[in-house]
Q: 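Got a structure here, written out as structure tokens. Questions coming.
Within every chain, numbering begins at 1; the chains are lettered A, B, ... in the order of the sequence lines, protein sequences first and strands thereafter.
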Protein chains: 2
Amino acid sequence: MLASDNHDIRQLGLFEKLSDTHFSALMRGAYVQNFPPQIELITEGEPSDFLHFVLSGAVDLFSSWNGRETSMATVRPLSTFILAATIRNAPYLMSARTLEKSRIVLIPSQDVRAIFDADGDFARAIVAELAQCYRSVIKAQKELKLRTSLERLANYLLRQQKQAGGGPVFELDFEKRRLASVLGMTPENLSRALKGLQHYGVAVDGMRVTISDQTDLDRFAKPNPLIDDFRT
Amino acid sequence: MLASDNHDIRQLGLFEKLSDTHFSALMRGAYVQNFPPQIELITEGEPSDFLHFVLSGAVDLFSSWNGRETSMATVRPLSTFILAATIRNAPYLMSARTLEKSRIVLIPSQDVRAIFDADGDFARAIVAELAQCYRSVIKAQKELKLRTSLERLANYLLRQQKQAGGGPVFELDFEKRRLASVLGMTPENLSRALKGLQHYGVAVDGMRVTISDQTDLDRFAKPNPLIDDFRT
DNA sequence: CATATTAATTGATAATTATCAAGCGAAAGT
DNA sequence: ACTTTCGCTTGATAATTATCAATTAATATG
């Protein structure tokens, strides 16, 4: 593990207030690994042996049932994943695979739980993180149950636009087949839905999206902070 | 607030390990109220002034967007709701209404946050609770994205059967129109889906469900602990 | 650079799910 | 007991979404 890795990990809200003693204790058993793309890091149902931390690259969290598969979320640096399973010492509910070449820190779950038991501030930091995650999933579920696929796509574009700086031209942040899966639709449907949004001033060329009529798209998408805001 | 209320609240894992001092501090500003059915207790988007605790009755958590509405979950005694909003001091993501005559404790959010800051054990109890909630929503999302409405209904019946003791005859635990909303379908569709499950040995009479061919239903529903188990 | 592979698109069709309208039936109120 | 209300059901139809097959575009590989 490099010194810069340590520094990066320290950045995260989760470890910010940790005493140096406890932080060292956590890092003692931790190790860093570089993975090529498309490597399955964890499989749902397995015991949660490590808390994972993404230093660089990107990780897809997905789930399967009865031969079907769906992308649940994408984890980007710098953040952890499967914190809830680690803390509860419960099996993973989702599988994870690298989307790109990724640098991942693996922290033994038992160490995390030990520091959690010993350090109230760490426990409080975990609360903040979990509450955030919980609210994100609630928002995702609201979107799934209240919006059609075209509406989900429109709102996704608006969120993506905002994150990219708010300008009329921006890039999709992952390939369309996974975007389709994240939005709960098939790739074919996404392709047609993107065409359908042409009526509202959306033009797509490969990964590049241009929103020519912002008002029109806004009026159709009806974004709502209680579904679309990352903050709240 | 009655002495028995205090006792009931103490039962909950969240408050179990709290010192008497901290528990009293929490209860000092709390008050209990009895509500008739169909009363809106909180509205999504409002600031989270109180942590709510259901002593008896039942509460529906629901959300709206663009004139549509969906039931997200049902809270039954003894448990809290909107813990995440309280802790993050963020607006509610869901509205809540009583389903039946209900007895609810309201604990000022600022008091909860104060004890949370002062008491590491309380923070740890909140972690356990939030991690549990998080995992429940993840399971719900997996179910929504991976299963058709007929499959969701079949698995709901199996879960309900298990909870009712596992026998072949049991009762639905809420009215069909809300069940439909919880399962992400229309009441009309639920009605037809219940008929569709006759092929798999399910008979419904009002709220009473009879599963005559368990093997057949199991084979169709394909329940999975990573979606259907309340525990894990 | 040519070729192999994979992703994206398109068309045709089927399955799923929702909407609208009407009727039935149980429960609540008078 | 009567009526009113509301939830549930059923039928007909429409909208949404998925599947299958084929083609095109883009990317990777030797």
Side-chain angles (χ1 to χ4, degrees), chain A residues 36-38 60 62 65-71 97 99-101 143-157 171-199 202-209 220-221, chain B residues 36-38 60 62 64-71 97 99-101 143-156 171-199 202-209 220-221:
Chain A
Q38 304 300 333
D60 183 38
F62 65 100
W65 178 79
N66 194 25
R68 298 167 210 164
E69 185 183 303
T70 189
S71 276
R97 72 163 78 89
L99 292 172
E100 323 161 358
K101 194 162 162 302
E143 173 148 63
L144 274 172
K145 293 185 77 176
L146 290 168
R147 290 175 173 161
T148 66
S149 61
L150 196 62
E151 290 164 344
R152 293 198 295 274
L153 175 59
N155 281 288
Y156 164 80
L157 291 179
E171 301 267 327
L172 298 176
D173 70 344
F174 32 58
E175 65 179 340
K176 290 181 186 169
R177 71 203 239 84
R178 186 175 16 278
L179 174 56
S181 185
V182 168
L183 292 176
M185 55 204 291
T186 57
E188 294 96 324
N189 232 324
L190 172 61
S191 195
R192 291 178 181 116
L194 284 170
K195 287 206 156 182
L197 289 181
Q198 285 177 359
H199 297 297
V202 175
V204 181
D205 178 38
M207 296 277 106
R208 175 166 254 86
V209 179
F220 171 71
Chain B
Q38 304 300 332
D60 183 37
F62 66 100
S64 304
W65 178 80
N66 193 26
R68 298 166 210 166
E69 184 184 305
T70 189
S71 276
R97 74 163 77 89
L99 291 173
E100 323 161 358
K101 196 163 160 300
E143 173 148 62
L144 273 173
K145 293 186 76 176
L146 291 167
R147 289 176 174 160
T148 67
S149 60
L150 196 61
E151 291 163 345
R152 293 198 295 275
L153 174 60
N155 280 287
Y156 163 81
E171 300 267 327
L172 298 176
D173 70 345
F174 33 59
E175 65 179 340
K176 289 181 188 169
R177 75 203 236 85
R178 185 173 22 275
L179 174 57
S181 185
V182 168
L183 292 175
M185 56 205 288
T186 57
E188 294 96 324
N189 233 324
L190 172 60
S191 194
R192 291 180 180 112
L194 284 170
K195 286 207 156 182
L197 289 181
Q198 286 178 359
H199 298 296
V202 175
V204 181
D205 177 37
M207 296 276 108
R208 176 168 253 84
V209 180
F220 170 72

Q: Check the distance between C/dA18's P and A/Leu150's CG and give it to me in whole angstrom.
A: 17 Å
Q: Closest approach of A/Gly184 and A/Arg152, non-hydrogen atoms and distance?
A: O-NH2, 3.2 Å
Q: Which atoms of nucleotides 4-14 of chain C (N or O only) lie under 3.5 Å from a protein N or O atom, and what are those distances?
A:
| unit_1 | atom_1 | unit_2 | atom_2 | d |
| --- | --- | --- | --- | --- |
| C/dA7 | OP1 | A/Arg177 | NE | 3.3 |
| C/dA8 | OP1 | A/Lys176 | N | 3.0 |
| C/dA8 | OP2 | A/Arg177 | N | 3.0 |
| C/dT9 | OP1 | A/Lys176 | NZ | 2.8 |
| C/dT9 | OP2 | A/Ser191 | OG | 3.2 |
| C/dT9 | O5' | A/Ser191 | OG | 3.0 |
| C/dT10 | OP1 | A/Lys195 | NZ | 2.7 |
| C/dT10 | OP2 | A/Lys195 | NZ | 2.8 |
| C/dG11 | N7 | A/Arg192 | NH2 | 2.4 |
| C/dG11 | O6 | A/Arg192 | NH2 | 3.0 |
| C/dA12 | N6 | A/Arg192 | NH2 | 3.3 |

Q: Considering non-hydrogen atoms only, spot the tightest contact between A/Met207 and A/Phe174 and give its length.
A: SD-O, 3.9 Å
Q: Roughly, in whole Å, what's the span from CZ in B/Arg208 to C1' in C/dA26?
A: 16 Å
Q: Expressed as a whole number of angstroms, how long is the span from B/Leu197:CG to C/dT16:P?
A: 13 Å
Q: Minimum heavy-atom separation for A/Lys176 and A/Leu172, please, with both atom names.
A: CE-CD1, 4.1 Å
Q: Starting at CE of A/Met185 and ending at C1' of D/dT19, how long is that distance when rounded to a whole Å?
A: 15 Å
Q: Can you tell me the distance, in whole Å, between the CG atom of B/Leu179 and the C1' atom of D/dC8?
A: 13 Å
Q: Show the nearest heavy-atom pair for residues A/Glu151 and B/Asn66, with the distance to one decimal.
A: OE2-ND2, 4.3 Å
Q: For the residue pair B/Leu190 and B/Leu153, what are the closest heavy atoms and their distance?
A: CD1-CD1, 3.7 Å
Q: Is the phosphate of C/dT16 approached by B/Thr148 (side-chain N or O, under 4.0 Å from OP1 or OP2)?
A: no
Q: Given atom CG of A/Asn66 and atom P of D/dA18, what is their separation to the nearest angstrom?
A: 16 Å
Q: Just the rounded figure in Å: distance from P of D/dT16 to CZ of A/Arg152.
A: 12 Å
Q: D/dT27 P sits how many Å from A/Gln38 CD, rounded?
A: 16 Å
Q: Please report the closest heavy-atom contact between A/Thr148 and B/Arg68, naming both atoms and the distance.
A: N-NH1, 4.1 Å
Q: Does a side-chain N or O from B/Ser149 land closer than 4.0 Å to OP1 or OP2 of C/dT17, or not?
A: yes
Q: Run the salt bridge (Lys or Arg N to Asp or Glu O under 4.0 Å) test against B/Glu143 and tell me which residues pass, sequence neighbours left out.
A: B/Arg147, B/Arg159
Q: A/Gly196 near the nucleic acid: base, sugar-phosphate alone, or nothing, with a heavy-atom cut-off under 4.0 Å?
A: nothing
